[in-house]
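Here's the structure, in structure tokens; my notes come after.
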Amino acid sequence: MEKMKVAIIGAGASGMMAAISAAKYGAEVTLFEKNERVGKKILATGNGKCNLGNLAFSTDHYYCEDKEKLHKIFRVFSVWDAMMFFENIGLMVKSKNGYLYPYSEQASAVLDVLRMELKRAKIRVMTEVEITDAGYCDKDGLFELKDNSGNGFQFNKLIIACGSGASLKKGEGMRGYELAQRFGHRISPLAPGLVQLESNDSFIKALSGVRCHAGIKLLVDGDEVASENGELQFTQYGVSGIPIFQVSRIAAYAIREGKKVDILVDFFPEQDDKTFTYMNRLRYESLLDKKLEDYLTGTLHKKINTVMLKQAGLKPAMTAKDAGWQAVLALMEQYRAFAIQICGDHSVENAQVCAGGVMLSQISTEMESEIVKGLYFAGELVDVDGNCGGYNLQWAWTSGYVAGRNAAGSSTKEIAEDEEGQLKKEEIQKEN
């Protein structure tokens, strides 16, 4: 029997997984990549260490319009399947508090084993070839592709896994959305998903370079909508760090809707209000004769303390006794609710992922288009994005695997065997 000819546009994490999966199920696969090499973005993930998944997996870590559909897709290829897949193609995987990394902690190791698997599976990889147009011919039942040199290609099935503009130059990374729209798909509004936030507050530059542990609350029009703890980083333009990344998606969309966005920082998140007040009273009684600038020494970074004094309208040379207990208490309470007004996000070019994309409602649990049969989507192009911690790469592995498997036209028996095996794995995990 003639093999199913499958084309995949985009050789990132999801595209490579889709290619390997399709080849596994018997397809003849061609993988198109506009860059000179495949998997370029993988090298930058996890600060070069590649956090490729998370054992604390839950769909609660994702944003999408249909969590039930998302759950069904992840059941086909879970975090445990991803671990086994990488172990089987030669990558040693380790867990660091549930975060999965290659044992070498080098992202290049992940890319290397994927490239070797592409070669082993005899997948045709065409680099420096950008697909500029794609359509479906009803008469022939084939997808017709054209590249940037005017060359034409025909395939039985097509998987679009182009990724987004995240971490690319302004204006790049839009091809996948354009192709999806040509096939009749709606694109939900795009916004940076994991990105720094900007502020015009006068004190921001004075705090530039400071890193500290803090709790943050995201306020939209005065209402708390999200909270996170972790290392907060101050920059020349605003705030960064994992806690900021985790809430940045919500902030980015709120800003686009013209809403007021603030970050409320608690520099002492481990202490409850009662303990905080009691400890500061003891500190005040012990350090009455100290100048306020010296009084704050030994608490937090000097830059933070200087800003706090200025915000409170207190002179650094004034003693704690002269300031008085109520003024000192008010000064210290600023550390528990320090407001930063957010004026924007640091753009999709600086983001780790892009939110929005091809709407999940127009894609089946097989990652097939509900509009054009034989057309599949995978990866960041779809309106599914996750928190920091390996969740976005897990979506790339899962969506790529599911799209590739189904595009290959694998038999109902093969799929049933896969799903039966998945149920057994879930039972074993519950027992353990």
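Counting from 1, the numbers follow the sequence of the chain as shown.
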### Query
Where do Leu194 and Gln246 land on the side-chain contact (heavy atoms from CB on, under 4.5 Å) test, with the steps shown first?
CA-CA 6 Å; Leu194 300 173; Gln246 302 289 45; 4.2 Å; yes
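- For Thr365 against Val402, the heavy-atom pair with the smallest separation is O-CG1, 3.6 Å.
- The 12-atom threshold is not exceeded at NZ of Lys315, counting heavy atoms of other residues, nucleotides or ligands nearer than 6.0 Å.
- Aromatic ring centres of Phe57 and Phe74 lie closer together than 6.0 Å.
- Aromatic ring centres of His185 and Tyr177 lie farther apart than the 6.0 Å criterion allows.
- Residues Arg75 and Ser78 fail the side-chain proximity criterion, which asks for heavy atoms closer than 4.5 Å.
- With contacts defined as side-chain heavy-atom distances shorter than 4.5 Å, the pair Asp133/Arg182 qualifies.
- With a 6.0 Å cutoff to the six-membered ring centre and a 45° limit on the axis angle, Arg211 does not count as a cation-pi contact of Phe234.
- With respect to Lys259 and Asp223, no salt bridge is recorded, no charged nitrogen being found less than 4.0 Å from a carboxylate O.
- With Phe32 as the partner, the side-chain contact (heavy atoms from CB on, under 4.5 Å) test is satisfied by one option alone out of Thr127, Val125, Val129, Ile8: Val129.
- The pair Glu172-Lys169 fails the salt-bridge criterion, with no side-chain N (NZ, NE, NH1 or NH2) lying under 4.0 Å from an Asp/Glu carboxylate O.
- Ion pairing between Glu105 and Lys96 holds under the 4.0 Å rule for side-chain N and carboxylate O.
- Note on Arg336 versus Glu333: no salt bridge recorded, every NZ/NE/NH1/NH2 to OD/OE distance being 4.0 Å or above.
- For the pairing with Phe86, the ring-ring contact (aromatic ring centres under 6.0 Å, His included) check across Trp397, Tyr103, Tyr101, Trp80 returns one residue only, Trp397.
- Ring-plane geometry between Phe143 and Tyr136 is classed as tilted, the angle between the planes lying from 30 to 60 degrees on a 0 to 90 degree scale.
- Looking only at distances, a side-chain donor or acceptor of Gln334 sits under 3.5 Å from a matching main-chain atom of Met308.
- By the 6.0 Å and 45° rule, Lys5 does not stack over the aromatic ring of Phe155.
- The 12-atom threshold is not exceeded at CD1 of Ile242, counting heavy atoms of other residues, nucleotides or ligands nearer than 6.0 Å.
- Checked against the 6.0 Å centroid threshold, Phe276 and Phe268 count as a close aromatic pair.
- Closest approach of Ala408 and Ala27 over heavy atoms only: CB-CB, 3.8 Å.
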